[in-house]
Amino acid sequence: MISSSLTAKPEVKVDHPQFESGSLEGGHQGGVLCVKFNKQGTYCMSGGSDRTIVLWNPHRTEKNKIKQYDGAHGYEVLDIAIAGDNSRFASCGGDRVVYYWDVSEGIVVKRIRAHESRVNAVALNEDNSVLASGSYDKMVKLWDLKSNMKDPIQILGDAKDSITSIVINNHQIITGVDGCL
């Protein structure tokens, strides 16, 4: 809404939601390297240099740490992708492996020896049937999560530098590579 009078400068009023800030403490022993919200924005997960993943309810004022996932990663956790139905998530890191987890059981349901270098990014498609992993080795690999195949279903190797981020939108895969998309 814009309002003005003859003597005053135009005043612009913008209606927008208020953002909240806060701190989630007691989850990691060291640096937090990634944070991802679920699709609904009700929960978030963080990955750290301590090789753990933590599930949080950031809307609680106390005891907002729900669960900790550890024992799988041998190096830092660099990225997390949460399934749309919140039942599973994928994680990756410096150990060159992608893990696909069951949220409620806290167990790894699939371990994918994914790349020759550290894995910087993971993403899931809409129905959680395909996982994309991007690495320092300049490759994006697509994995079929519904089968027991050990090899990727597709390899995209045309990047000029390390893959730093991945987004899957319908049938498009968008990657971040050294200042480019």
Side-chain angles (χ1 to χ4, degrees), residues 24-58 63-157 162-168 173 175-176:
L24 304 176
E25 296 176 6
H28 291 282
Q29 301 297 314
V32 176
L33 304 176
C34 61
V35 178
K36 295 288 175 93
F37 270 90
N38 66 338
K39 193 175 189 178
Q40 300 80 12
T42 52
Y43 296 96
C44 67
M45 299 186 96
S46 59
S49 61
D50 61 358
R51 305 180 313 247
T52 67
I53 299 155
V54 178
L55 174 64
W56 304 90
N57 181 341
K63 297 183 181 177
N64 43 24
K65 179 180 173 183
I66 297 171
K67 191 170 200 160
Q68 183 164 319
Y69 305 85
D70 52 18
H73 282 282
Y75 289 83
E76 70 275 3
V77 178
L78 296 172
D79 199 16
I80 299 167
I82 303 170
D85 65 0
N86 300 321
S87 66
R88 305 259 167 115
F89 70 93
S91 63
C92 67
D95 48 13
R96 303 178 297 195
V97 178
V98 174
Y99 295 97
Y100 194 51
W101 300 76
D102 181 286
V103 171
S104 60
E105 297 293 323
I107 59 170
V108 173
V109 295
K110 193 166 203 148
R111 180 186 186 274
I112 302 168
R113 174 94 171 123
H115 293 269
E116 296 303 316
S117 296
R118 74 180 195 183
V119 184
N120 295 324
V122 287
L124 293 164
N125 70 339
E126 184 80 23
D127 69 355
N128 310 313
S129 63
V130 175
L131 170 83
S133 60
S135 173
Y136 191 76
D137 63 12
K138 305 178 189 175
M139 287 192 245
V140 173
K141 295 184 180 181
L142 304 178
W143 307 91
D144 182 355
L145 293 175
K146 302 289 184 189
S147 75
N148 288 324
M149 290 177 50
K150 295 189 188 264
D151 294 324
I153 55 175
Q154 189 171 356
I155 299 174
L156 308 173
S162 172
I163 306 296
T164 56
S165 58
I166 300 177
V167 174
I168 299 177
I173 298 172
T175 61

Participant: Strictly distance-based, threshold 3.5 Å: is any side-chain N or O of D95 a donor or acceptor partner for the main-chain N or O of G74?
Facilitator: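 Yes; at least one donor-acceptor contact below 3.5 Å.
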Participant: Can you see which heavy atom on L78 is nearest to which on L33, and at what distance?
Facilitator: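 Closest pair (atom of L78, atom of L33, distance): CD2-CD1, 4.0 Å.
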Participant: Could you check whether any side-chain N or O of S135 sits under 3.5 Å from a backbone N or O of R118, counting only pairs where one atom can act as donor and the other as acceptor?
Facilitator: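 Between the backbone of R118 and the side chain of S135 there is a qualifying donor-acceptor contact (under 3.5 Å).
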Participant: Would you say that more than 12 heavy atoms from the other residues, nucleotides or ligands in this model lie under 6.0 Å from the NZ of K67, or not?
Facilitator: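 Enclosed: over 12 neighbouring heavy atoms sit under 6.0 Å from NZ of K67.
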Participant: Between Y100, F37, W101, which is the residue that forms a ring-ring contact (aromatic ring centres under 6.0 Å, His included) with F89?
Facilitator: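 Option passing the ring-ring contact (aromatic ring centres under 6.0 Å, His included) with F89: W101.
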Participant: For H73 and S91, which heavy atoms make the closest approach, and how far apart are they?
Facilitator: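 Closest approach of H73 to S91: NE2-OG, 2.7 Å.
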Participant: Taking C-beta and beyond as the side chain, do V98 and C92 meet within less than 4.5 Å on heavy atoms?
Facilitator: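 With C-beta onward as the side chain, the pair touches.
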Participant: With rounding to the nearest 0.5 angstrom, report the OH to CZ distance, Y99 to R111.
Facilitator: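 Interatomic distance, Y99 OH to R111 CZ, rounded to 0.5 Å: 4.5 Å.
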Participant: Kindly indicate, with the supporting measurements, whether the criterion side chain to side chain contact (heavy atoms under 4.5 Å, CB included) is fulfilled by H28 and T52.
Facilitator: CA-CA 7 Å; H28 291 282; T52 67; 3.1 Å; yes
Participant: Measuring from atom NZ of K141 to atom CD1 of I166, what distance do you get when rounded to the nearest 0.5 angstrom?
Facilitator: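 Atom-to-atom, K141:NZ and I166:CD1 are 12.0 Å apart.
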Participant: Walk me through whether Y43 and I66 qualify under side chain to side chain contact (heavy atoms under 4.5 Å, CB included).
Facilitator: CA-CA 10 Å; Y43 296 96; I66 297 171; 3.4 Å; yes
Participant: For the pair D79 (side chain) and V122 (backbone), establish whether a donor and an acceptor sit closer than 3.5 Å, ignoring hydrogens and angles.
Facilitator: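 Yes, D79 side chain to V122 backbone: donor-acceptor pair under 3.5 Å.
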Participant: Show the nearest heavy-atom pair for residues A90 and L131, with the distance to one decimal.
Facilitator: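 Nearest pair, atom of A90 first, then L131: CB-CD1, 3.5 Å.
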Participant: Could you report the tightest heavy-atom contact between N120 and S162, atom names first, then the distance?
Facilitator: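 The pair with the smallest heavy-atom distance is ND2-OG, 3.0 Å.
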Participant: Can you give me the closest heavy-atom contact between V119 and S133, atom names plus distance?
Facilitator: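 In terms of heavy atoms, the two residues are closest at CG1-CB, 4.0 Å.
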Participant: So, the side chain of T164 versus the backbone of G176: is there a donor-acceptor pair under 3.5 Å, distance only?
Facilitator: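 Yes, the answer is positive, given that a donor and an acceptor are paired below the 3.5 Å cut-off.
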Participant: Starting at CG of D85, measure out to CG of N38 and round the result to the nearest 0.5 Å.
Facilitator: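 Atom-to-atom, D85:CG and N38:CG are 10.5 Å apart.
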Participant: Short question: side chain of T175, backbone of I163 - any donor-acceptor pair under 3.5 Å?
Facilitator: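 Answer holds: no.
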Participant: To the closest 0.5 Å, what do you measure between SG (C44) and CD1 (I80)?
Facilitator: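 C44 atom SG to I80 atom CD1 measures 9.0 Å (nearest 0.5 Å).
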Participant: Please assess L156 against M139 for the test side chain to side chain contact (heavy atoms under 4.5 Å, CB included), listing each intermediate value before the final yes or no.
Facilitator: CA-CA 6 Å; L156 308 173; M139 287 192 245; over 6 Å; no
Participant: Atom CD of Q68 and atom OG of S46: how far apart are they, to the nearest 0.5 Å?
Facilitator: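 Answer rounded to 0.5 Å: 8.5 Å.
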Participant: Whether K138 and E116 form a salt bridge (side-chain N of Lys/Arg under 4.0 Å from carboxylate O of Asp/Glu) is what I want to check.
Facilitator: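 Salt bridge: no.
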Participant: Heavy-atom distance under 4.5 Å between the side chains of M45 and Y69, does that happen here?
Facilitator: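 M45 reaches Y69 side chain to side chain.
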Participant: What are the two closest non-hydrogen atoms of S49 and E76, and how far apart are they?
Facilitator: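 Looks like CA-CB, 3.8 Å.
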Participant: To the closest 0.5 Å, what do you measure between CG (D137) and CD1 (I155)?
Facilitator: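 So the CG of D137 and the CD1 of I155 are separated by 9.5 Å.
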Participant: For N128 and R88, what are the C-alpha separation, side-chain angles and deciding distance, and is it a side chain to side chain contact (heavy atoms under 4.5 Å, CB included)?
Facilitator: CA-CA 9 Å; N128 310 313; R88 305 259 167 115; over 6 Å; no
Participant: Check for a donor-acceptor pair, side chain of Y136 on one end and backbone N or O of R96 on the other, with a separation under 3.5 Å.
Facilitator: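 No, because the side chain of Y136 does not come within donor-acceptor range (under 3.5 Å) of the backbone of R96.
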